Novice: 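What follows is a single structure, and I will ask about it in a moment.
Note that the structure is a prediction, hence the values are computed from the model and not measured. Computation of the quantities below employed the complete heavy-atom set of this structure, encompassing side-chain atoms and omitting hydrogens, waters and symmetry-equivalent molecules.
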Amino acid sequence: MQFNHDELSSPEWLNDDYFRHVLCKIECDSNARLIGACVLRPGTKAGDHFASVMYRTTLQYYCTANVKKTINLIMKIKPDTDGFKKDLLDGDDFFGKEIRMYTEVLPQMAALMRNIGEEYQYPKLVFASHVPHTIIILEDVSSQGWTMEGLIKSFSELEPTIDAIAKFHAASVVLQEKDPTFASQYQCTIAKILCSMRGMTDGCFRSFISFLSETAELQEFVAPVEHFHAKIDDVLQAAYAPSETFANVLIHGDFHFKNLLHLQLAGKIVDTIFVDYQMCSWCSPVVDLYYLTYMIPEQSVKNAHRDEIIYRYHQKFASLLRRLNYRGRVPTLTELQVELLRKADLELYHYIVFSAFLHTDLSKVDSEAFFLGRTDNPALKMEEFKETMKIELKRFLYHGIIEN
């Protein structure tokens with residue numbers, strides 16, 4: 001399955017008349033008119049996104065005085081077909097949040113960065129609407145060389161991602177300082193969403209516990225992981241709750257490699273931007289940092305550079321806060337390390353549950369079956385994962401994250 005099945009056809013309303021309406025709006029020109037019919041293409045390969053229906057198109061059109069223009073677009077539409085995807089999105093205003101991010105928050109963040117000689121880049125919002133249909137239309141930056149890559153293979157290529165998330169976090173802290181109501185607009189509901197996906201979570205835990213039972217060197221961890229599973233809802237609620245001991249930030253919240261676009265030079269990543277701001281929430285920055293260390297680089301990069309990743313993030317984050325004239329207290333690196341340990345349950349959850357996201361080719365399985373816990377986790381058959389668990393589970397035990 002090369003593309004998501006719901007992107008192989010398009011809704012009737014997404015037609016030439018609709019795009020002419022969009023062009024008139026963005027050009028402020030009632031005479032804008034299409035050149036030829038609009039042809040929609042699936043937005044991404046199957047499995048590259050889930051919580052929306054996506055299409056791409058290239059529009060050629062005339063404005064007043066017969067000025068010819070071309071624009072490449074990518075659009076996200078709220079699912080309206082009954083099923084798991086629609087049910088998942090119906091419980092929260094994900095699209096409303098993302099529209100606010102593109103229309104208000106990201107421009108403010110970019111302005112803050114420009115004021116200190118930095119740059120925060122993001123795809124340009126072209127058009128957004130809730131009525132009569134919920135849709136977000138962005139500039140398609142793939143024609144400018146931005147591409148989605150796999151897991152990042154080196155620390156140097158990870159540096160642009162580290163710096164970008166530090167900018168995002170630091171700018172959000174300053175926005176909250178300027179507007180004390182900012183954080184209340186982004187209350188975190190991620191734990192509730194994950195708790196609602198118990199079919200997938202329980203399936204991943206069952207497979208992981210079987211994996212431990214069948215691996216002689218890991219059998220001692222069966223009971224501790226079973227105990228961890230029994231309290232997983234409470235673990236997630238605590239992990240995603242705003243911190244009471246560390247500076248909270250606006251997290252991306254869905255910060256994995258498929259939500260990154262990269263520019264390359266001579267085959268190496270030199271710049272990175274984020275997409276999919278639907279899950280942005282006000283809570284501890286370590287939520288994104290656990291994604292940063294596990295869901296973006298290859299395991300070998302994490303093994304060799306775990307402390308260096310956190311160190312670089314903190315150096316950039318703290319420096320930005322000072323340069324932005326933040327009047328609050330800038331947290332220390334030691335405090336960040338303590339916060340990581342305090343919420344380290346989330347790292348173990350990543351290994352048990354998110355490893356399935358990381359290693360499953362969703363173009364080859366039914367996505368709803370995957371999210372309902374009815375597919376195998378291929379990570380459990382990988383020798384690298386087994387060797388990693390021999391090291392990491394002992395670390396979790398020694399740090400008090402799991403108990404014998």
Side-chain angles (χ1 to χ4, degrees), residues 151-152 158 161-162 165 169 188 190-191 194-195 197 200-201 204-205 207-209 211-212 218 221 224-243 245-246 248-249 251-257 279 281 283-314 333-359 377 379-380 382 384-403:
L151 297 174
I152 295 177
L158 185 61
T161 304
I162 300 171
I165 197 62
H169 287 173
C188 188
I190 299 173
L194 293 175
C195 289
M197 298 167 67
M200 180 194 70
T201 300
C204 287
F205 268 92
S207 297
F208 190 79
I209 290 167
F211 159 74
L212 298 178
L218 298 176
F221 297 107
V225 170
E226 288 176 335
H227 179 68
F228 183 74
H229 183 202
K231 61 178 184 176
I232 194 61
D233 284 357
D234 292 337
V235 164
L236 292 171
Q237 293 290 351
Y240 284 96
S243 178
T245 56
F246 193 82
N248 291 296
V249 302
I251 62 164
H252 181 280
D254 198 17
F255 191 44
H256 55 77
F257 73 97
M279 304 289 279
S281 307
C283 66
S284 172
V286 304
V287 173
D288 279 347
L289 296 186
Y290 278 127
Y291 275 98
L292 176 63
T293 54
Y294 183 60
M295 297 293 286
I296 295 175
E298 292 186 349
Q299 183 68 40
S300 60
V301 178
K302 177 181 180 179
N303 292 344
H305 301 282
R306 183 201 309 261
D307 290 340
E308 192 175 359
I309 292 168
I310 300 304
Y311 177 77
R312 183 181 178 95
Y313 165 83
H314 179 266
L333 176 60
T334 299
E335 289 167 337
L336 176 58
Q337 293 287 6
V338 171
E339 179 73 0
L340 284 161
L341 182 59
R342 185 177 288 113
K343 292 185 180 283
D345 286 342
L346 195 56
E347 185 179 15
L348 178 55
Y349 180 83
H350 275 224
Y351 276 123
I352 297 172
V353 177
F354 286 178
S355 60
F357 284 90
L358 207 58
H359 298 289
N377 180 355
L380 305 180
M382 297 168 59
E384 180 192 51
F385 186 81
K386 182 188 294 186
E387 294 305 311
T388 297
M389 287 302 95
K390 291 176 184 178
I391 297 169
E392 294 288 73
L393 286 170
K394 286 184 179 178
R395 182 171 65 87
F396 289 126
L397 180 66
Y398 298 157
H399 286 180
I401 310 308
I402 52 176
E403 300 172 344

Novice: Answer yes or no: is there a side-chain heavy-atom contact under 4.5 Å between R395 and E347?
Specialist: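 The answer is yes; the side chains approach within 4.5 Å.
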
Novice: What is the minimum heavy-atom distance between N377 and A356, and which atoms define it?
Specialist: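 Heavy-atom minimum between the residues: OD1-CA, 3.4 Å.
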
Novice: Can you tell if the side chain of F228 reaches within under 4.5 Å of the side chain of D345, non-hydrogen atoms only?
Specialist: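 They are in contact (side-chain heavy atoms under 4.5 Å apart), so the answer is yes.
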
Novice: What is the minimum heavy-atom distance between A191 and L236, and which atoms define it?
Specialist: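 In this case the closest contact between A191 and L236 is CB-O, 3.5 Å.
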
Novice: Got Q299 and M382 here, is their nearest side-chain heavy-atom distance under 4.5 Å?
Specialist: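 No, every pair of side-chain atoms sits at 4.5 Å or beyond.
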
Novice: Rounded to the nearest 0.5 Å, how far does CD1 of I152 lie from NZ of K302?
Specialist: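 So the NZ of K302 and the CD1 of I152 are separated by 14.5 Å.
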
Novice: Flag yes if more than 12 heavy atoms outside F246 fall under 6.0 Å of its CZ atom; otherwise flag no.
Specialist: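 Yes, because the 6.0 Å sphere around CZ of F246 holds more than 12 heavy atoms from other groups.
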
Novice: Determine which pairs satisfy side chain to side chain donor-acceptor pair (under 3.5 Å) with at least one residue from residues 287-297, sequence neighbours left out, and list them in order.
Specialist: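 Side chain to side chain donor-acceptor pair (under 3.5 Å) check on residues 287-297 returns H169-D288.
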
Novice: What's the spacing between N303 CG and E384 CD if we round to 0.5 Å?
Specialist: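 Answer rounded to 0.5 Å: 7.5 Å.
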
Novice: Does atom NZ (K394) have a neighbourhood of more than 12 heavy atoms from anything else shown, all under 6.0 Å?
Specialist: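 Not buried by this count: 12 neighbours or fewer within 6.0 Å.
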
Novice: From H229 NE2 over to F208 CZ, what is the distance, rounded to the nearest 0.5 angstrom?
Specialist: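 Result: 12.5 Å between the selected atoms.
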
Novice: Does M279 reach the side chain of F255, with side-chain heavy atoms less than 4.5 Å apart?
Specialist: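 No, their side chains stay 4.5 Å or more apart.
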
Novice: On a heavy-atom basis, which atom in I209 and which in E226 lie closest, and how many Å separate them?
Specialist: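 I209 and E226 have their closest heavy atoms at CD1-CG, 3.6 Å.
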
Novice: Hey, can you tell me if Y349 and F354 have their rings parallel, tilted or perpendicular (30° and 60° cut-offs)?
Specialist: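 The arrangement is perpendicular - the two ring planes meet at more than 60°.
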
Novice: Would you say E339 and E335 make side-chain contact, with heavy atoms under 4.5 Å?
Specialist: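 Not in contact.
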
Novice: State, with a plain yes or no, whether a side-chain heavy atom of L151 is found less than 4.5 Å away from one of L358.
Specialist: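 Of all side-chain heavy-atom pairs linking L358 with L151, at least one is under 4.5 Å.
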
Novice: Ignoring hydrogens, what is the shortest heavy-atom contact between A344 and F396? Give both atom names and the distance.
Specialist: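 Nearest heavy atoms, A344 then F396: O-CE2, 4.1 Å.
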
Novice: Closer than 4.0 angstrom, basic N to acidic O: yes or no for E403 and K231?
Specialist: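 Judged by the 4.0 Å cut-off on N to carboxylate O distance, E403 and K231 do not form a salt bridge.
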
Novice: Considering only heavy atoms from C-beta outward, does the side chain of I190 approach that of D254 to under 4.5 Å?
Specialist: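 Sidechains of D254 and I190: no contact.
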
Novice: Under the ring-ring contact (aromatic ring centres under 6.0 Å, His included) rule, collect the residues that match up with F385, sequence neighbours excluded.
Specialist: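 If we apply the ring-ring contact (aromatic ring centres under 6.0 Å, His included) test to F385, skipping adjacent residues, the hits are F211.
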
Novice: Any side-chain heavy-atom pair from I401 and L341 closer than 4.5 angstrom?
Specialist: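 SC-SC contact between I401 and L341 confirmed.
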
Novice: Rounded to the nearest 0.5 Å, how far apart are CG of N248 and OG of S281?
Specialist: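 Answer for the CG-OG pair, N248 versus S281, is 11.5 Å.
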
Novice: Could you tell me the separation between the CG atom of L336 and the CZ atom of R342, rounded to the nearest 0.5 Å?
Specialist: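 L336 atom CG to R342 atom CZ measures 11.0 Å (nearest 0.5 Å).
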
Novice: Could you measure the distance from the SG atom of C195 to the CD1 atom of I232? Nearest 0.5 Å is fine.
Specialist: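 One finds 8.0 Å between SG of C195 and CD1 of I232.
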
Novice: Output, in order, the C-alpha distance, side-chain angles, deciding distance and verdict of side-chain contact (heavy atoms from CB on, under 4.5 Å) for L289 and I310.
Specialist: CA-CA 8 Å; L289 296 186; I310 300 304; 4.2 Å; yes

Novice: Any sub-3.5 Å donor-acceptor pair from K343's side-chain atoms to A241's backbone N or O?
Specialist: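 Such a contact is found between K343 side chain and A241 backbone.
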
